[in-house]
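Have a look at the structure below, then the notes.
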Amino acid sequence: MIQERLKQIVDTCFLQGVESGKWSDKAAGKYSLEVPKREGQGDYSTNMAMVMAGIEKKNPREIAASVIELLEKQDIVEKLEIAGPGFVNIFLKPKVWHDVLQPALAAGAEFGKSSVGNNRKVMVEFVSANPTGPLSIGHGRQAILGDAIAKLLEATGHDVYREYYFNDAGRQMRVLGESTKARYLELLNREAQFPEDGYQGEYIRDIAQSLIDDKGDSLVDSPDVLPFTERAVELIFKDISGTLKDMGIVFDNYFNEHTLYDDGHIESVVQELRDKGLVYEKDDATWFKTTDLGHEQDRVIIKKTGEPTYRLPDIAYHREKFRRGFDWLVNVLGSDHIATVPDVLAGVEALGYDPKKVTVVLHQFVTLTRNGKQVKMSTRKATFVTVDELLDLVGPDVLRFYLMMRKPDSQLEFDLDLATSQEKDNPVYYVQYGHARICSILRRAEESGIYTIDPSTADLSLLQEPEELQLLKRIASFPASIEEAALDLAPHRAIFFLMELAGDWHSYYNKHKVIDPENIDIAVTNARLCLVTGLQQVFKNGLEMLGLNAPERM
RNA sequence: GGUCCCGUAGCUCAGUAGGAUAGAGCACUAGAUUCCUAAUCUAGGUGUCGCGCGUUCGAAUCGCGCCGGGAUCACCA
């Protein structure tokens with residue numbers, strides 16, 4: 001907000017320079033206004049003079065002097081200086097920072113939200129695990145990441161729809177049914193042959209047991225695996241949605257791949273591509289001519305057996321997303337799906353939709369360590385750690401926080417020992433404690449009965465400590481930080497913002513008293529209470545935007 | 001072999017529309033609490049930003065080439 005205002009001022013000065021013949025307009029849009037990394041280098045800094053120096057072939061410091069002349073007249077500017085190779089450092093008047101508090105408090109729960117999204121309809125598709133077993137930690141990362149992205153997009157004015165895409169047919173499911181049947185027979189002491197590539201998890205036995213409970217041994221001679229598959233899918237889905245619910249995630253829709261077949265979308269996609277000359281037959285299979293679209297090789301979309309490969313329903317599914325009126329599709333996928341992305345995008349484009357409206361967030365794997373050693377995971381062998389187990393161990397907030405603390409591109413190391421034993425030195429609690437601490441102070445203030453929290457009557461100019469100005473700057477930058485995290489689809493940025501905020505706040509708390517019974521200064525305390533209330537709002541809104549709790553006591 | 005991601009402090013990681021002296025947490029050491037919650041704070045860092053070359057006023061960041069780790073390259077999903 002302040003940055004935008006200052007940017008306009010700087011741009012205006014630049015134009016004045018152009019008009020008065022000091023420099024040409026060639027540097028327009030090329031310079032930037034940013035927050036310097038180091039203290040003492042101003043609230044903001046612009047590299048305008050250096051950028052112009054290259055273009056105008058002049059000494060950057062001389063140009064900087066001219067820039068300063070123009071900026072000096074601005075009323076929000078306190079001080080200006082030329083630094084380093086030609087930066088212009090801008091120091092703003094403290095009043096500028098004091099003035100952020102009142103609007104922030106007035107905005108309340110809305111503070112930090114924005115409308116940059118313009119109500120754009122965006123679908124976030126994530127998890128999309130087929131029902132073959134409980135959610136593993138890898139799914140957990142995706143679930144948390146997808147949900148956090150969705151929440152951030154909501155906070156920035158997007159119309160968000162969460163969807164889970166799944167397939168409960170095909171080979172995978174047959175194996176699942178066969179595995180269940182084998183366990184069923186085993187539990188009834190019958191001869192059973194467990195499939196070689198079957199699912200070995202204990203949950204399969206539970207499913208078999210539920211069939212025994214309901215139907216006894218009546219399925220022993222069933223030649224069909226369907227009853228087993230159906231029961232398995234039903235129970236596993238119940239388990240998955242329960243887990244998601246425990247993580248605080250609710251989908252707007254579960255989309256079954258089957259509807260694409262039932263409604264004829266698969267066929268119509270093939271037909272449409274065929275009409276465009278992008279489909280041909282070879283070796284009894286049907287191929288998608290992706291080489292015409294700049295790819296290295298063509299891909300099979302319908303196998304010899306007559307069954308489509310995954311590509312075809314995927315393409316049809318994306319067309320449906322567009323047809324349903326979404327104009328931005330965000331797909332959160334594990335990096336193992338990387339090879340599927342170009343084919344789907346090619347399909348989307350061939351069908352006349354804009355592939356730029358599809359954004360794929362690929363996240364790397366979660367590596368699990370226990371006793372300092374990496375744990376290898378496989379769903380089939382059931383040597384994975386489930387989200388349920390982790391939720392039991394560390395609780396939803398810690399799990400969520402850890403899983404979104406890293407950028408999606410990085411592998412994420414989840415140290416089981418650390419997560420379970422290290423309860424206190426946890427960044428989650430560090431941030432949450434920041435909030436709880438403020439709540440405690442505010443309770444204290446209320447009990448005292450002598451303080452009031454009202455930014456319109458408080459003398460905010462009493463907030464003169466450098467730490468106080470720093471906190472005000474943090475508050476001021478909150479909306480922009482959220483916007484940045486949202487548009488970059490990078491929840492970890494919001495996490496880092498909160499950790500830095502908490503660091504500044506805890507530091508301030510230890511150095512200065514908000515309420516000091518030994519040295520009662522009502523005016524100062526009232527001003528500080530306004531500051532802390534603003535901070536509380538930022539903590540609360542920030543935590544909640546990421547799906548985390550903001551506890552009032554700890 | 002092709003494509004994508006990663007390589008930054010002992011460990012886990014931030015840091016891209018190129019910016020000034022490269023950061024945080026953990027771990028380790030020494031301190032701080034009669035009073036707003038010590039789940040906190042303060043002080044302590046000599047890092048080939050994997051290596052090399054290039055682009056330019058300026059590179060962890062951009063380009064090219066290597067090295068190392070991971071993912072992926074089906075008529076599986």
Side-chain angles (χ1 to χ4, degrees), chain A residues 29-30 32 34 36-38 40-41 45 47 50-51 53-54 59-60 83-87 89 128-130 132 166-167 170-172 257 282-287 296-297 299-311 313-314 334-342 362-365 367 369 372 402 405-415 418 422-434 436-445 447-448 488 492-493 495-496 499-500 502-503 505-519 525 528-529 532 553-554:
Chain A
K30 291 189 175 169
S32 65
E34 42 194 57
K37 284 179 190 152
R38 297 193 157 270
Q41 295 178 341
S45 172
N47 61 352
M50 277 145 35
V51 172
N59 182 332
F87 289 99
N89 293 342
S128 298
N130 288 340
T132 60
F166 71 100
N167 176 19
R171 202 189 74 90
Q172 265 188 330
E257 183 185 315
K282 192 181 91 181
D283 303 334
D284 295 329
T286 304
W287 296 70
E296 289 205 352
Q297 50 182 311
R299 299 292 185 180
V300 170
I301 49 173
I302 299 176
K303 297 182 250 178
K304 242 180 234 178
T305 61
E307 291 171 298
T309 62
Y310 69 89
R311 290 184 192 94
D314 260 15
S335 62
D336 54 333
H337 283 73
I338 187 163
T340 73
V341 175
L362 281 170
H363 67 86
Q364 298 291 314
F365 286 171
T367 56
T369 57
Y402 270 90
M405 197 163 47
R406 305 300 178 211
K407 69 177 173 209
D409 285 340
S410 291
Q411 285 192 9
L412 188 156
E413 179 165 309
F414 199 100
D415 188 326
L418 209 70
Q422 219 186 19
E423 294 227 325
K424 294 204 172 168
D425 290 316
N426 203 314
V428 190
Y429 300 137
Y430 185 75
V431 174
Q432 289 183 326
Y433 183 50
R437 207 168 213 183
I438 293 170
C439 293
S440 169
I441 292 174
L442 295 178
R443 280 194 297 270
R444 207 38 102 89
E447 284 162 14
S448 78
D488 282 356
H492 75 282
R493 293 195 178 209
I495 290 279
F496 274 84
M499 290 199 290
E500 284 166 13
W505 158 236
H506 286 309
S507 223
Y508 171 70
Y509 175 91
N510 275 274
K511 193 165 174 186
H512 302 286
K513 295 232 174 225
V514 176
I515 298 171
D516 190 347
E518 287 186 4
N519 182 18
T525 296
R528 288 183 176 176
L529 285 170
V532 220
R553 292 170 201 274
M554 285 176 75

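Per chain, numbering begins at 1; letters A, B, ... match sequence-line order.
Closest to the side chain of A:Arg493, out of B:U16, B:C36, B:A14, is B:U16. Side-chain proximity of A:Ile515 to the nucleotides B:C36, B:A38, B:A39 is greatest for B:C36.
Annotation: side chain to side chain donor-acceptor pair (under 3.5 Å) contacts of A:His506 (sequence neighbours excluded): A:Arg437. Residues passing the side chain to side chain donor-acceptor pair (under 3.5 Å) test with A:Arg406: none are found, sequence neighbours excluded. Residues forming a side chain to side chain donor-acceptor pair (under 3.5 Å) with A:Thr286 (at least two apart in sequence, or on another chain): A:Glu281.
OP1 and OP2 of B:C41 both lie 4.0 Å or more from every side-chain N or O belonging to A:Arg437. For B:G19, neither phosphate oxygen OP1 nor OP2 lies less than 4.0 angstrom from any side-chain nitrogen or oxygen of A:Lys37. Residue A:His492 places at least one side-chain N or O closer than 4.0 Å to OP1 or OP2 of B:G15. At B:C41, one or more side-chain N or O atoms of A:Tyr430 fall inside 4.0 Å of OP1 or OP2 (strictly under the cut-off). Between B:G23 and A:Arg38, a contact under 4.0 Å exists linking OP1 or OP2 to a side-chain N or O.
As rounded to whole Å, 15 Å separates atom C1' of B:U12 from atom CD1 of A:Ile495. In this structure, A:Met499 places its CE atom 17 Å from P of B:G23, rounding to the nearest Å.
In terms of modelled atom types and a separation under 3.5 Å, the side chain of A:Trp505 and the main chain of A:Gly434 share a donor-acceptor contact.
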Atom pairs, protein N/O to nucleotides 42-44 of chain B N/O, distance under 3.5 Å:
from, atom 1, to, atom 2, distance (Å)
B:U42, OP1, A:Ser507, OG, 2.5

Can you give one letter per nucleotide of nucleotides 70-77 of chain B, 5' to 3': B if a protein heavy atom sits under 4.0 Å from the base, S if only from the sugar-phosphate, - if neither?
-> SSS--BSB
Strand RNA chain B in bracket notation, Watson-Crick/G-U under 3.5 Å with | for pairs to another chain | (((((((..((((.....[...)))).(((((.......))))).....(((((..]....))))))))))))....
